[in-house]
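Throughout, a chain's letter reflects where its sequence line sits, starting with A, and its residues are numbered from 1.
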Amino acid sequence: MRNFNLKEKLYEHFGYLQFRQGQEEIIQQVLEGRDVLGILPTGVGKSLCFQLPSKLLSGSTVVVSPLISLMIDQVKQMKSAGFKSVVSLNSFMDHREKRVVLEHLDQYSLIYLSPEMLQNELVMYQLIKLHIDLFVIDEAHCISQWGHEFRTDYLKLSRSIEQVGNPPVLALSATATPEVQTDIKQQLVRPEMLSVVYPMDKVNMSFAVEETSSHEEKLERITQVLSHKKAPTMIYFSSRMWAERVSEELKTKVDQRIAFYHGGMEQMDRLLVQQQFMNDQLDVICCTSAFGMGVDKSNIRRVIHYHFPTELESFIQEIGRAGRDGKPCASLMLYTPGDYHLPQMFIQNELVKPEDVEGVLHSVYDIVYKQETELNDEEMSEELKLSETQWNFIKYQLEQEKLINHGPVIRDKHKWGQTTEKIQWILENRWKYKSRKLQEMVSWLHHPDCKRKKLYTPFQPDTRTPEVACCSNCGFRMEDMELDIEPYSATFTDWKSRLEKIFHQGAYHATD
DNA sequence: CTTAAGAGTCATCTGTCGTACCTTCAGCTTACACATT
């Protein structure tokens with residue numbers, strides 16, 4: 001079975017003559033049945049690493065993806081490229097459609113779903129009946145970044161993999177420190193997983209870090225930078241309010257097309273703004289971390305941070321969206337000493353204090369065993385005076401100990417006491433971990449030497465020599481940025497190339 | 001000796017927070033069939 005020539009198969013199914021960096025190695029290993037953790041830089045075509053194997057393997061391939069929009073995009077893309085047996089299971093489907101797909105699940109060779117969907121009994125019942133010979137986790141850093149508190153179903157993946165017959169696992173991501181890689185392997189219970197890691201340092205990006213004293217100064221600086229030259233720019237904020245506010249203020253100061261984007265907006269508005277930015281109908285987007293995953297725009301020239309994120313991993317992901325075309329781009333970080341409070345509040349908001357665990361568990365006990373009607377998550381977190389994420393975490397831990405949601409009532413006081421201690425211990429470690437990550441982020445801001453080296457050293461042993469000016473500590477200033485932008489691309493072209501573009505709209509191109 | 005101005009200290013108050021999935025249902029919109037003028 002392994003005798004065929006992979007390059008021939010690549011051409012036959014996708015029409016490409018050559019693999020891109022890392023693809024062939026990963027596919028080879030996957031086809032030989034090995035578990036692989038692939039860390040490939042953005043824009044290399046990670047999805048091909050499972051799309052080609054799914055064509056070559058006889059059974060089904062399951063792909064876990066964090067965002068519905070990502071799944072829908074990929075399915076659409078594959079369908080228009082002529083791959084018919086692709087489907088995604090998600091909450092946007094109506095009940096009839098969902099039932100029909102579930103009943104004929106064996107007809108699909110590539111099945112996309114969310115980690116939450118895997119916890120659905122009916123879905124799992126149907127999956128178990130299939131022969132699954134590849135289990136893929138796309139954007140695998142979510143396991144480590146979201147799994148512990150925010151989306152705990154990400155920590156339940158190993159159990160699901162076991163249930164569907166322990167197929168080979170392929171985990172893919174663009175950014176993962178060795179620490180995160182280890183966490184991913186641990187959570188998947190696959191310590192022997194093969195790591196295929198490629199460098200992620202951006203040789204076409206210059207870095208600038210500037211201390212400011214106030215909002216007004218930040219605004220003034222952003223205005224200067226934007227006015228210097230019109231170019232696709234993202235501005236990252238840690239709060240929805242500030243994203244909206246600065247977006248409005250910039251509109252009065254800069255003659256460019258500016259909009260904001262965050263998770264609190266209506267679905268349609270989000271889609272519209274994203275599409276406009278993608279199509280060069282917007283110059284500047286003021287956004288929170290909601291904007292990013294699956295954004296594949298090649299000509300983003302500047303990423304400005306009005307606030308800094310809670311960890312370097314997030315920062316790297318955010319700047320990773322610029323300069324995918326390989327042309328020069330820059331990152332500008334603006335910070336004010338007071339900015340430290342915001343990320344600190346985020347940590348508090350997702351982690352319960354260890355000394356509060358005992359009280360919380362007592363209340364849970366009372367509620368679960370004395371309440372007649374079952375409370376939903378929203379009511380529970382309100383009743384316990386916890387944030388949604390804090391309750392998520394506690395709930396997951398109690399489920400793991402089988403103290404809730406596992407049938408018969410357990411009134412074993414000793415067991416509850418033990419669990420209290422265990423949760424306290426986990427929380428103490430999470431507090432230490434998150435505080436350390438934030439500390440690393442802050443010390444990067446103040447690092448007196450080369451910012452580039454300091455940034456990438458935790459991710460890879462050697463940092464390559466940049467093709468552009470290095471960083472503000474190596475003499476780079478935002479004003480020096482090379483920006484030879486052709487007037488907005490693709491807007492005015494002759495009818496032949498426009499027709500060609502329309503004709504090829506559905507054509508397959510591998511993305512991340 | 002009294003009083004006003006200014007400086008320093010303490011207590012109180014104000015401000016305010018991101019990331020996604022799922023389920024289920026109420027309420028709304030849209031398309032369409034049918035009856036009436």
Side-chain angles (χ1 to χ4, degrees), chain A residues 64-72 88-96 98-99 112-124 137-139 141-157 160 175 215 235-245 260-268 270-271 274 286-295 305-311 313-315 317-318 321 338-351 374-381 385-393 395-396 405 434 437-438 441:
Chain A
V64 175
S65 173
L67 262 39
I68 293 177
S69 61
L70 237 51
M71 301 194 275
I72 293 176
S88 81
L89 286 170
N90 60 65
S91 58
F92 279 6
M93 301 166 89
D94 59 54
H95 295 292
R96 226 190 81 250
K98 194 172 171 184
R99 206 185 59 234
Y112 286 83
L113 35 68
S114 66
E116 288 80 6
M117 224 15 127
L118 279 174
Q119 295 308 309
N120 181 311
E121 267 179 54
L122 195 64
V123 170
M124 193 37 90
I137 301 146
D138 201 9
E139 308 285 358
H141 57 272
C142 292
I143 294 175
S144 185
Q145 219 166 310
W146 284 355
H148 295 279
E149 292 89 16
F150 181 53
R151 288 176 73 178
T152 49
D153 286 337
Y154 259 108
L155 296 192
K156 300 177 186 165
L157 288 179
S160 307
T175 45
H215 161 66
I235 310 180
Y236 269 105
F237 297 82
S238 294
S239 102
R240 297 171 178 180
M241 187 202 79
W242 281 104
E244 289 194 19
R245 182 176 161 184
F260 61 83
Y261 180 104
H262 58 66
M265 293 161 57
E266 294 289 325
Q267 279 293 330
M268 284 307 284
R270 284 178 70 160
L271 198 67
Q274 183 178 332
C286 297
C287 59
T288 64
S289 56
F291 190 77
M293 253 193 291
V295 172
H305 278 81
Y306 183 96
H307 291 130
F308 58 84
T310 54
E311 51 181 30
E313 273 88 349
S314 307
F315 179 64
Q317 276 153 21
E318 287 159 7
R321 283 151 201 149
D339 292 348
Y340 187 65
H341 296 299
L342 202 51
Q344 221 170 20
M345 264 168 32
F346 288 147
I347 298 177
Q348 279 174 24
N349 195 257
E350 54 186 352
L351 296 177
E374 210 169 294
L375 298 179
N376 64 29
D377 287 338
E378 201 184 327
E379 293 164 333
M380 275 307 273
S381 60
K385 297 185 178 60
L386 299 179
S387 73
E388 215 177 319
T389 310
Q390 286 172 333
W391 165 239
N392 254 355
F393 169 85
K395 182 180 159 194
Y396 170 75
N405 298 346
K434 297 238 164 183
K437 295 309 256 184
L438 176 54
M441 181 71 232

Polar pairs (N or O, both sides) under 3.5 Å between protein and nucleotides 25-30 of chain B?
none

Next item on the list: Check the distance between B/dT19's P and A/Leu70's CG and give it to me in whole angstrom.
Entry: 16 Å

Margin query: Any base atoms under 4.0 Å from A/Glu350, or only sugar-phosphate, or nothing? Heavy atoms, all strands.
Written below: base

Checklist line | Rounded distance in Å - CE (A/Met265) to P (B/dT19) | finding: 11 Å

Item checked: A/Gln274 (side chain) donor-acceptor with A/Leu271 (main chain) under 3.5 angstrom -> no

Notebook entry, point to check: Atom CD1 of A/Ile347 and atom P of B/dT16: how far apart are they, to the nearest Å?
Noted result: 20 Å

Next item on the list: Please state whether the phosphate of B/dT19, meaning OP1 or OP2, lies under 4.0 angstrom from any side-chain nitrogen or oxygen of A/Arg240.
Entry: yes

Next item on the list: Enter the distance from A/Tyr154:OH to A/His148:NE2 here, rounded to the nearest 0.5 Å.
Entry: 13.0 Å

Note to self: Just to verify, what does A/Arg151 make a salt bridge (Lys or Arg N to Asp or Glu O under 4.0 Å) with, not counting sequence neighbours?
What the structure shows: A/Glu116

Note to self: Could you work out, with salt bridge (Lys or Arg N to Asp or Glu O under 4.0 Å) as the rule, every residue matching A/Lys395, not counting sequence neighbours?
What the structure shows: A/Asp377

Margin query: A/Asn392: which residues meet the side-chain hydrogen bond (donor to acceptor under 3.5 Å, both in side chains) condition with it, sequence neighbours left out?
Written below: none

Next item on the list: Give the nucleotide from the list B/dA20, B/dT19, B/dG18 with an atom nearest to the side chain of A/Thr389.
Entry: B/dT19

Checklist line | side-chain contact (heavy atoms from CB on, under 4.5 Å) partner of A/Pro309, the single match among A/Ser238, A/Ser289, A/Ser314 | finding: A/Ser314

Notebook entry, point to check: By side-chain contact (heavy atoms from CB on, under 4.5 Å), which residues pair with A/Gln119, not counting sequence neighbours?
Noted result: A/Asp153, A/Lys156, A/Ser160

Item checked: A/Thr152: partners by side-chain contact (heavy atoms from CB on, under 4.5 Å), with sequence neighbours left out -> A/Tyr396

Next item on the list: Identify, with sequence neighbours excluded, every residue that meets side-chain hydrogen bond (donor to acceptor under 3.5 Å, both in side chains) alongside A/Arg321.
Entry: A/Tyr236

Next item on the list: Could you list the residues that satisfy salt bridge (Lys or Arg N to Asp or Glu O under 4.0 Å) with A/Glu311, not counting sequence neighbours?
Entry: none

Check: Roughly, in whole Å, what's the span from CG in A/Leu351 to P in B/dG18?
Finding: 17 Å

Check: Given atom CD of A/Glu149 and atom C1' of B/dC17, what is their separation to the nearest angstrom?
Finding: 16 Å

Margin query: I'd like to check the side-chain contact (heavy atoms from CB on, under 4.5 Å) partners of A/Gln390; sequence neighbours left out, ordered by chain and number.
Written below: A/Val352, A/Leu386, A/Ser387

Notebook entry, point to check: A/Phe346 stacking on B/dC17: centroids under 5.5 Å, ring planes under 30°?
Noted result: no

Next item on the list: Can you tell me the distance, in whole Å, between the NE2 atom of A/His307 and the P atom of B/dT19?
Entry: 13 Å

Next item on the list: Nearest whole angstrom, please: distance from the P of B/dT16 to the CD of A/Glu244.
Entry: 14 Å

Margin query: Using OP1 and OP2 only, check whether a side-chain N or O of A/Thr288 sits under 4.0 Å from B/dT19.
Written below: yes

Check: What pairs with A/His262 under side-chain hydrogen bond (donor to acceptor under 3.5 Å, both in side chains), at least two apart in sequence or on another chain?
Finding: A/Glu244

All N/O contacts under 3.5 Å from nucleotides 21-24 of chain B to the protein, with atom names and distances to one decimal?
unit_1 : atom_1 : unit_2   : atom_2 : d
B/dC21 : OP1    : A/Ile68  : N      : 2.5
B/dC21 : O3'    : A/Ser114 : OG     : 3.3
B/dC22 : OP1    : A/Ser114 : OG     : 3.2
B/dC22 : OP2    : A/Ser91  : N      : 3.4
B/dC22 : OP2    : A/Ser91  : OG     : 2.6
B/dT23 : OP1    : A/Lys98  : NZ     : 3.2
B/dT23 : OP1    : A/Asn120 : ND2    : 3.1

Check: CE of A/Met441 versus C1' of B/dG18: gap in Å, rounded?
Finding: 15 Å

Next item on the list: Just need the stems in DNA chain B: three or more back-to-back Watson-Crick or G-U pairs, each with both distances under 3.5 angstrom, sorted by first number.
Entry: none

Margin query: At 4.0 Å (heavy atoms only), tell me whether A/Arg245 reaches a base, stays on the sugar-phosphate, or touches nothing.
Written below: nothing

